[in-house]
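Have a look at the structure below before the remarks.
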Amino acid sequence: MSKHELFPKPKIGSHNHVFLSGLLNHEGPKWSKHRSILNPAFRIDNLKSILPAFNSSCKEMLEEWERLASAKGTVELDSWTHCHDLTRNMLARASFGDSYKDGIKIFEIQQEQIDLGLLAIRAVYIPGSKFLPTKFNRRLRETERDMRAMFKAMIETKEEEIKRGRGTDKNSDLLFSMLASNTKTIKEQGPDSGLSLDDLIDDCKAFYLAGQNVTSSLFVWTLVALSQHQDWQNKARDEVSQAFGNNEPDFEGLSHLKVVTMILHEVLRLYSPAYFTCRITKQIVKLERFSLPEGVVVTIPMLLVHHDPDLWGDDVKQFKPERFVNGVAGATKGRLSFLPFSSGPRTCIGQNFSMLQAKLFLAMVLQRFSVELSPSYTHAPFPAATTFPQHGAHLIIRKV
Ligand code: HEM
């Protein structure tokens, strides 16, 4: 994983563009260029300024929960659909600021495109078939055209705002930071060193694809795990209450939450939202006692690594956040056995972003509600686009 030049990502047939674009797709110098321009948008100082956007989205969902629970102080709901909508809302707000409602519409088109892409992957592959004027191909092209047009409009509007001196306040968004970093790179290193409009659209598409379902998965399994383990729910609530009381969680306080972080790490281990990844050998590669020829696809099954008793002990299947009491290094004893965000240079660019989202979400839920499993809950983690609850996640939420 550290030698990404020897192990590029394999391409997914003729529908590669549906699943892999921008940073997710590039290799070599093109990838380095994109990554270095996009990295600043995910740095701590920028995440601090995105926190109010996350906060507004969480508040909206919790107000809805309060409304639903208002009659009896308690209500049963499918937390999966709520987590799914919330993470869309959070990502759109963090990406596009005030224009987030248009950002949410893009998710709907992207979802249709993903569903079509998945159908195409499962179908028998006939070379050249993607050029045929079928209804399916037409719709796939339309979704791509519509999505790109919407991203383009949002990028151009933001560029206009920046030109007019707006968006420089501390509540800036991901797109603002991407554009600022791009402009700075072009100014310092010349026009060829920057990203074109098409490049930026591809990267927005990549963030949308890579940043939504996995985060919903982290949110929902955290709620389920805390419903199953009330002792940990109480410990987390005590910590949140000591840190913030009834006040809004702030960035500094969230960075110091220890129990909450241990819980999130244990959820990421047990229910890894990104449960595997693949690489392809670019040349003959020696891997331990194997010599792999060029073109071999190597799968890295993160979920299996996280469930390996040789690495984690006989209690590997149990929810035990105390494993992480001395951080990730303590839990893994220095081995490369915890890979929810992958590892090496191509590690997830959104790691700190999603951990911040999850800490804030959990803190705000625990300040207002307790959660428990509904009698109708069926435990069925299912690996598809992410590890999701196949029959939903029906929970009873109760005002505290
Ligand atoms: C719980 C949440 C998340 C998990 C578990 C997760 C997991 C991962 C993993 C395992 C990879 C490496 C994939 C590979 O090497 O094949 C990755 C890459 C990536 N992730 Fe995330 N991710 C999360 C959230 C996010 C968010 C919120 C964003 C953006 C807003 C994001 C954007 C990306 C991008 C663009 C890449 C490609 C990075 C590169 O190749 O340089 N992810 N993610």
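Order of appearance sets the numbers: ligands from 1, and atoms from 1 within every ligand. Numbering starts at 1 and runs along the sequence shown.
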Give the contacting part of [X] toward ligand 1: side chain, backbone, both or neither, where contact means a heavy-atom distance below 4.0 Å.
X    : value
L23  : both
Q351 : neither
Q212 : neither

Inset, instruction - Assess whether atom CG of D315 is packed by more than 12 heavy atoms of other residues, nucleotides or ligands within 6.0 Å. - result: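 Yes, the 6.0 Å shell around CG holds more than 12 heavy atoms from other groups.
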Inset, instruction - Look at atom CG of L119 and say whether more than 12 heavy atoms of other residues, nucleotides or ligands are closer to it than 6.0 Å. - result: yes
Heavy-atom contacts with [X] under 4.0 Å: which atoms of ligand 1 show up? List them by number with element.
X    : value
I349 : 32 (C), 33 (C), 34 (C), 35 (C)
M302 : 10 (C)
R35  : 38 (C), 39 (C), 41 (O)
W31  : 39 (C), 40 (O), 41 (O)
S342 : 10 (C), 12 (C), 15 (O)
F353 : 27 (C)
G211 : 25 (C), 26 (C), 27 (C), 28 (C)
A274 : 7 (C), 10 (C)

Inset, instruction - Using the six-membered ring wherever Trp is involved, compare the ring planes of H265 and F324 and label them parallel, tilted or perpendicular (cut-offs 30° and 60°). - result: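 Aromatic pair H265/F324 classed tilted.
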Which of the listed options, [options], holds the heavy atom that is closest to [atom]?
atom                    : options                : answer
atom 29 (C) of ligand 1 : Y275, F219, Y208, F207 : F207
atom 43 (N) of ligand 1 : G344, C348, S216       : C348
atom 16 (O) of ligand 1 : L174, T386, T277       : T277

Legend entry - Aromatic centroids of Y208 and F151 separated by under 6.0 Å: yes
Inset, instruction - Could you tell me if the ring centre of F388 sits under 6.0 Å from that of Y271? - result: no
Short N/O distance, under 3.5 Å, between [X] and ligand 1?
X    : result
R279 : yes
T215 : no
Q357 : no
S354 : no

Legend entry - Rounded distance [0.5 Å steps], OG1 in T387 versus OH in Y275: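 Here the rounded value is 6.5 Å.
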Inset, instruction - Measure the spacing between NE2 of H84 and CG of N89 and express it to the nearest 0.5 Å. - result: 12.0 Å
Inset, instruction - Measure the distances from the heavy atoms of A206 to every atom of ligand 1 and state whether one is below 4.0 angstrom. - result: no
Inset, instruction - Verify ring pair (Phe, Tyr, Trp, His ring centres under 6.0 Å) between F207 and F42, making sure each step is shown before the conclusion. - result: CA-CA 11 Å; F207 293 153; F42 292 90; 5.2 Å; yes
Legend entry - Check against salt bridge (charged side-chain N to carboxylate O under 4.0 Å, His left out), K158 and E161: CA-CA 5 Å; K158 185 69 68 186; E161 282 176 12; 3.7 Å; yes
Legend entry - E159 and R164: CA distance, side-chain angles, deciding distance, salt bridge (charged side-chain N to carboxylate O under 4.0 Å, His left out) verdict: CA-CA 9 Å; E159 276 173 335; R164 286 200 232 107; over 6 Å; no
Inset, instruction - May I have the step-by-step check of salt bridge (charged side-chain N to carboxylate O under 4.0 Å, His left out) for R88 and D85, ending in yes or no? - result: CA-CA 5 Å; R88 279 190 173 184; D85 291 349; 5.7 Å; no
Legend entry - R269 NZ/CZ over W312 ring centroid, <6.0 Å and within 45° of normal: yes
